[in-house]
Amino acid sequence: MNAILKSAAAVRSTQDWQAADAAHYLHPFTDFKSLAHKGSRVITRGDNIYLWDSDGHKILDAMSGLWCVNVGYGRTELIEAATRQMTELPFYNSFFQTATPPAIELAELLAQVSPPQFQHVFFSGSGSEGNDTVVRMVRRYWDLLGQPERSVIISRHNAYHGSTMAGASLGGMSGMHAQGGLPIPGITHIEQPFWFELGRGAQPAPLSPAAEKASRDAFGLTAAGWLEAKILEIGADKVAAFIGEPVQGAGGVIVPPETYWPEVQCICDKYGVLLVSDEVICGFGRTGHWFGCERFGFKPDLMTFAKGVTSGYVPLGGVMVGERIAKVLIEQGGEFNHGYTYSGHPVACAVALANIRLIQREGLVERVHDDTGPYLAAQFAALAEHPLVGEVQSCGLMAALQIVKDKPSGRPFDSALEIGMLCRGHCFASGLIMRAVGDRMIIAPPLVITRAQIDEMITLIRHCLDLTLADVRRNGWL
Ligand SMILES: *Cc1c(COP(=O)(O)O)cnc(C)c1O
């Protein structure tokens with residue numbers, strides 16, 4: 001099988017792949033014309049934390065694909081689970097009073113690994129669809145309670161909740177809202193808990209660690225206060241839910257101050273507003289806990305998941321439904337007119353079961369919590385010494401560094417210079433996948449990464465920062 005795949009790839013040259021790609025394939029979130037001109041990089045193989053492209057270059061994948069390949073590439077347990085299930089029963093639906101063993105067993109296992117308020121799950125095919133389900137479900141909940149006017153969902157600027165109409169509306173990406181008449185009605189946004197941009201202020205000199213912590217904590221309360229202000233502005237009797245990622249992922253690995261989520265929880269409790277945690281990135285060990293809400297100490301009513309649930313080997317998403325909502329849907333509900341052909345897809349569920357059992361067997365959540373997470377945090381903290389770095393942040397196995405022009409003030413480079421993209425280009429050319437969000441460089445490596453591999457990754461990052469600094473100096477941008 002492998003031999004056949006390899007020889008199939010070998011018969012086409014990179015140029016040939018690129019030509020066919022440019023002729024027929026519209027990529028997601030891509031400027032089609034410029035990519036067609038440049039030619040895409042064709043990734044042909046993966047093993048552990050490494051990828052290979054069609055020219056045979058080895059690349060350290062510090063982004064776990066797209067935040068999802070938590071157990072690394074090439075795991076036989078997942079491959080065999082898929083093969084077994086495809087042989088036995090490749091598909092059956094759960095619409096007409098039927099179910100399949102993998103879907104039932106996965107629902108049971110998810111209830112075990114989730115916080116105790118979660119005993120039920122609704123499956124989708126992706127994170128975006130999961131968030132569509134969230135919108136349908138919270139509105140259905142308030143309808144059933146006789147408060148249909150409670151329909152507004154509050155989210156945050158620079159949040160990412162997917163790319164369907166509802167997902168992109170919940171998200172706070174202005175570029176996405178600008179295309180397609182979004183957000184849809186009944187969704188509104190508050191500012192994000194991004195201390196470096198909104199709370200730090202210009203400083204004449206770097207803050208002491210104690211002063212920085214005090215400033216972050218105070219800002220966390222301020223940022224949570226924006227939620228209360230918005231609820232009061234709309235009227236609590238019109239607000240259905242608040243949704244947020246425990247740590248904003250696509251927005252730039254923005255780790256909120258420790259004070260933020262507990263205060264958000266208090267505010268939601270005070271006004272009876274449902275709290276939704278989008279755990280599509282933070283779930284399944286990324287933060288060193290099974291779910292990000294456990295890391296930050298809050299108790300959501302709903303949790304969206306996808307990505308890491310199957311380590312990305314096959315598409316699967318869903319929503320964990322807290323008992324507060326499940327009780328109403330079950331006991332007062334009647335039929336919930338919502339679902340997807342692939343809700344509870346047996347192959348996807350079989351792979352998710354194998355993936356979660358592998359995470360348990362290898363103790364990956366504990367490993368991130370006790371060992372590799374703290375180790376990554378220490379190595380990343382050392383990068384703060386670099387002349388280009390204004391802030392470093394990490395949480396479990398995700399981390400960010402902010403490239404700035406002036407360290408003490410945190411002043412950025414002219415955005416037209418696209419320093420982040422420049423740095424990302426050096427990474428790509430040096431065999432490292434690191435993502436740029438504006439001038440914020442981010443990573444989220446597979447949870448199986450070892451200390452030695454973290455060292456290898458940090459050496460590459462430092463090298464690419466040096467190359468970027470050399471460009472900056474050569475061009476007189478400092
Ligand atoms: C990726 C992501 C989504 C969307 O998931 P898809 O599977 O791409 O639809 C939703 N929320 C968060 C936090 C994400 O990172």
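Counting starts at 1 for both ligands and their atoms, in listed order.
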Between Thr304 and Asn131, a side-chain donor and acceptor under 3.5 Å: yes

Within the protein, residues bringing a heavy atom under 4.0 Å of ligand 1, chain by chain: Ser126, Gly127, Ser128, Asn131, Tyr160, His161, Gly162, Glu245, Asp278, Val280, Ile281, Lys307

Note: Asp217-Lys213 ion pair, threshold 4.0 Å (strictly below): yes

Working for side-chain contact (heavy atoms from CB on, under 4.5 Å), residues Leu376 and Phe380: CA-CA 6 Å; Leu376 177 72; Phe380 240 72; 4.0 Å; yes

Donor on one side chain, acceptor on other, Arg440 and Gln402, under 3.5 Å: yes

Side chain to side chain donor-acceptor pair (under 3.5 Å) partners of Glu323, counting only residues at least two apart: His120

Enclosure of Lys230 NZ (heavy-atom neighbours >12, cutoff 6.0 Å): yes

